[in-house]
Amino acid sequence: MMQEIEIIDIPKIADPDGRGNLSVIEKEVLPFPIKRVYYLYDVPSSASRGGHAHIELQQCLIALSGSFEVVLDNGSERKIITLNKPNKALIIPNGIWRELENFSSGSVCLAVVSAEYAEEDYIRDYQDFLAFKRK
């Protein structure tokens, strides 16, 4: 399952006049249909977000501004990925525990996901997650 976690490039269009860059997420960029978009901001550097896994939902995370770390866990292996470029996206498949931490000042995390909010899709207790992975 860890091999399904990947960093993908979001198309970046540089302005020839030096007025900045534009990145676009269209349906063929992500490996799932977009059903919901949300973002995290004003997260204190000492705070942690996430702390759950999803049964079905797939997720794409992008650091629109600043940086943060994503701790990924498949039940037997952990991996830490730093996101700090707005044209790089982390694809997290379902069945992966995730925690977001070490937010830099002013960071903004964009989440683009494959489903609308459904509490029953969340596994919020790590021991329940490990039991889910053993099934």
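One-based numbering along the sequence shown.
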Within one Ile-Leu-Val-Met-Phe-Trp-Tyr cluster: Ile8 and Leu72, side-chain cutoff 4.5 Å = no
Does Ser45 use its side chain to pair, donor to acceptor, with the backbone of Phe103 at less than 3.5 Å?
-> no
Of all heavy-atom pairs between His54 and Arg98, which one has the smallest distance, and what is that distance?
-> CD2-NH1, 3.6 Å
So Leu57 and Arg36, side chain to side chain contact (heavy atoms under 4.5 Å, CB included) or not? Walk me through it.
-> CA-CA 11 Å; Leu57 182 139; Arg36 182 168 54 120; 3.8 Å; yes
Does Arg124 CZ have over 12 foreign heavy atoms under 6.0 Å away?
-> yes
Euclidean distance, Ser104 OG relative to Asn84 CG, rounded to 0.5 Å | 8.5 Å
Verify, without hydrogens or angle tests, whether Arg49 (side chain) and Glu101 (backbone) share a donor-acceptor contact under 3.5 angstrom.
-> no
Working for side chain to side chain contact (heavy atoms under 4.5 Å, CB included), residues Tyr38 and Val113 | CA-CA 9 Å; Tyr38 62 92; Val113 301; 4.1 Å; yes
What distance separates Asp73 CG from Ile96 CD1, expressed to the nearest 0.5 Å?
-> 8.0 Å
In the single-linkage hydrophobic clustering (I, L, V, M, F, W, Y; side-chain heavy atoms under 4.5 Å), do Ile80 and Val43 co-cluster?
-> no
Take Ser65 and Tyr41 through the side chain to side chain contact (heavy atoms under 4.5 Å, CB included) test and state the conclusion after the steps.
-> CA-CA 9 Å; Ser65 178; Tyr41 59 98; over 6 Å; no
Quick one: do Phe132 and Trp97 end up in the same hydrophobic cluster if we chain Ile, Leu, Val, Met, Phe, Trp and Tyr together by side-chain heavy atoms under 4.5 Å apart?
-> yes
Tyr122 with Val112, same ILVMFWY side-chain cluster at under 4.5 Å = no
Please round to the nearest 0.5 Å and tell me the distance separating atom CD1 of Ile123 and atom NE2 of His52.
-> 10.0 Å
Step by step, work out the side chain to side chain contact (heavy atoms under 4.5 Å, CB included) result for Ile91 and Gln58.
-> CA-CA 8 Å; Ile91 305 297; Gln58 300 172 70; 5.6 Å; no
Does the Lys133 side chain pair with the main chain of Gly95, one donor and one acceptor, at a distance under 3.5 Å?
-> yes
Transitive ILVMFWY side-chain link Leu61 to Ile25, under 4.5 Å | no
Looking at CD of Glu6 and CD1 of Ile81, how far apart are the two atoms once the value is rounded to the nearest 0.5 Å?
-> 10.0 Å
One should read off an interatomic distance between Ser114 OG and Leu30 CG, to the nearest 0.5 angstrom, of 10.0 Å
Heavy atoms of Asn87 and Lys12 approach each other most closely as ND2-CD, 3.7 Å
Donor-acceptor pair, Asp121 side chain versus Glu56 backbone, under 3.5 Å?
-> yes
Side-chain heavy-atom pair Leu22, Asp15 within 4.5 angstrom cut-off = no
Side-chain (Asp17) to main-chain (Arg19) donor-acceptor, under 3.5 angstrom = no
Looking only at heavy atoms, the pair that brings Tyr39 and Val108 closest together is CB-CG1, 4.3 Å
Out of curiosity, Ile62 CD1 to Ile10 CD1, how far, rounded to the nearest 0.5 Å?
-> 4.5 Å
